[in-house]
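Here's the structure, in structure tokens; my notes come after.
Side chains included, hydrogens not; waters and symmetry mates left out as well; all remaining heavy atoms used. If you're wondering where the values come from, they're calculated on a predicted model, not measured in any experiment. In this chain, residues are counted from 1 in sequence order.
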Amino acid sequence: MTPDCALVVLISGAGTNLQALMDADDLPVNIKAVISNRADAGGLERARRAGIPTRVLPHQDFESREAYDSALAELIDAYRPDLVVLAGFMRILSDRFVEHYTGRMLNIHPSLLPAFRGLHTHRRALEAGCAEHGCSVHFVTPDLDAGPVIVQARVAVSRDDSETTLAARVQQQEHRIYPLAVRWFAEGRLRLCENGILMDGKPMTQPVVV
Ligand code: GRF
């Protein structure tokens, strides 16, 4: 039997995506640790309840991004993860950190990338009058929210949507697609190579839309 894929999950907030990973049926992963830059992140309690080790590494304790990222990498690597999962980790990451995890770090972003990189994606989608919005799981590369996209889910925007209602519907989809992408990686079906994503050994020319 292949051993479960070892994960370290990084969070800063409520941890609903972490919860979706913990709740996914038969996901062949072992969450070794949940690490937060904020001691008040709600996701830490979710992890504790599930008996998963938690660590807090406050960014305020470091004088530079590079110093923080280097301590973070040391902490992560102590758990020897096969995959690092960014699940609402609200930090810009230094190039050196990202390069250390190339091909073994995923992020979820609340937009249909390449649209609306960065923050306030729901508000921006509403302001732009988009008929569709959604979320994307991608491999992390040094350019913010610009790594190769693995899977996306679309959400129709209604005329009555507020930022809150739209965000809630997008989050429901996040909780579907993140476990899916993690499953593909854990099962060895998904890999990042020099020319992009390989899925089942074949180049992925378009993100999977579910
Ligand atoms: C999600 O909306 C995710 O797309 C974004 O941060 C949020 C995290 O939510 N990157 P949660 O902490 O998983 O509930």
Side-chain angles (χ1 to χ4, degrees), residues 1-36 43-44 46-54 76-77 79-89 93 98 100-114 133-141 145-155 168-210:
M1 220 172 89
T2 337
D4 283 347
C5 178
L7 302 190
V8 167
V9 182
L10 304 191
I11 62 165
S12 302
T16 63
N17 280 286
L18 165 68
Q19 189 73 54
L21 291 169
M22 295 190 304
D23 291 347
D25 283 336
D26 304 321
L27 198 60
V29 302
N30 181 353
I31 304 178
K32 296 278 186 188
V34 172
I35 301 174
S36 173
L44 289 170
R46 294 175 189 273
R48 284 185 204 117
R49 278 203 300 266
I52 296 171
T54 59
I76 294 170
D77 289 349
Y79 294 97
R80 302 182 157 274
D82 300 305
L83 182 66
V84 176
V85 175
L86 305 181
F89 187 60
L93 303 167
V98 173
H100 179 63
Y101 297 106
T102 301
R104 51 192 185 110
M105 182 156 66
L106 302 182
N107 184 41
I108 185 142
H109 183 75
S111 79
L112 294 172
L113 290 171
H133 184 44
C135 47
S136 310
V137 178
H138 64 95
F139 279 105
V140 179
T141 57
D145 301 327
V149 178
I150 301 156
V151 56
Q152 296 185 313
R154 295 188 176 142
V155 162
R169 286 209 312 292
V170 170
Q171 271 229 328
Q172 285 178 355
Q173 298 305 315
E174 292 180 20
H175 302 157
R176 282 178 58 222
I177 67 171
Y178 219 176
L180 192 60
V182 168
R183 178 183 301 282
W184 292 337
F185 187 91
E187 290 175 347
R189 299 180 58 193
L190 180 69
R191 288 290 171 260
L192 184 67
C193 67
E194 249 173 61
N195 301 320
I197 296 172
L198 290 181
M199 178 76 173
D200 296 329
K202 298 190 194 87
M204 186 188 266
T205 49
Q206 301 269 4
V208 177
V209 178
V210 295

Reported [atom1]-to-[atom2] distance for the pair [X] and [Y], which is rounded to 0.5 angstrom:
X: C135; Y: H175; atom1: SG; atom2: NE2; answer: 9.0 Å
X: Q173; Y: R154; atom1: CD; atom2: CZ; answer: 12.0 Å
X: Q19; Y: R49; atom1: CD; atom2: CZ; answer: 6.5 Å
X: L7; Y: R104; atom1: CG; atom2: CZ; answer: 12.5 Å

Tell me, with the steps shown, if R183 and L190 meet side-chain contact (heavy atoms from CB on, under 4.5 Å). CA-CA 9 Å; R183 178 183 301 282; L190 180 69; over 6 Å; no
Using every non-hydrogen atom in the two residues, find where [X] and [Y] come nearest and quote the distance to one decimal.
X: P148; Y: L192; result: CG-CD1, 3.7 Å
X: C5; Y: A186; result: CB-CB, 3.6 Å
X: A6; Y: R80; result: CB-O, 3.8 Å
X: A87; Y: I11; result: O-CG2, 3.5 Å
X: V98; Y: V140; result: CG1-O, 3.7 Å
X: Y178; Y: L106; result: OH-O, 3.0 Å

Apply side-chain contact (heavy atoms from CB on, under 4.5 Å) to residues I150 and H138 and explain how you reach the verdict. CA-CA 5 Å; I150 301 156; H138 64 95; 5.6 Å; no
Do R191 and F185 meet the cation-pi criteria used here (NZ or CZ under 6.0 Å from the six-membered ring centre, within 45° of the axis)? yes
Checking L86 against L93 for the side-chain contact (heavy atoms from CB on, under 4.5 Å) test, could you report, in this order, the C-alpha distance in whole Å, the side-chain angles of both residues, the deciding distance, and whether it holds? CA-CA 11 Å; L86 305 181; L93 303 167; 3.7 Å; yes
Do you see a donor-acceptor pair shorter than 3.5 Å between the side chains of D77 and Y101? yes
Check whether any side-chain heavy atom of [X] sits under 4.5 Å from a side-chain heavy atom of [Y], and report yes or no.
X: P179; Y: L21; value: yes
X: P203; Y: N195; value: no
X: P53; Y: K32; value: no
X: P81; Y: I76; value: yes

Which residue pairs pass the salt bridge (charged side-chain N to carboxylate O under 4.0 Å, His left out) test when at least one of the two sits in residues 169-178, sequence neighbours left out? D161-R169
Test log, rule side-chain contact (heavy atoms from CB on, under 4.5 Å), inputs I35 and F89: CA-CA 9 Å; I35 301 174; F89 187 60; 5.9 Å; no
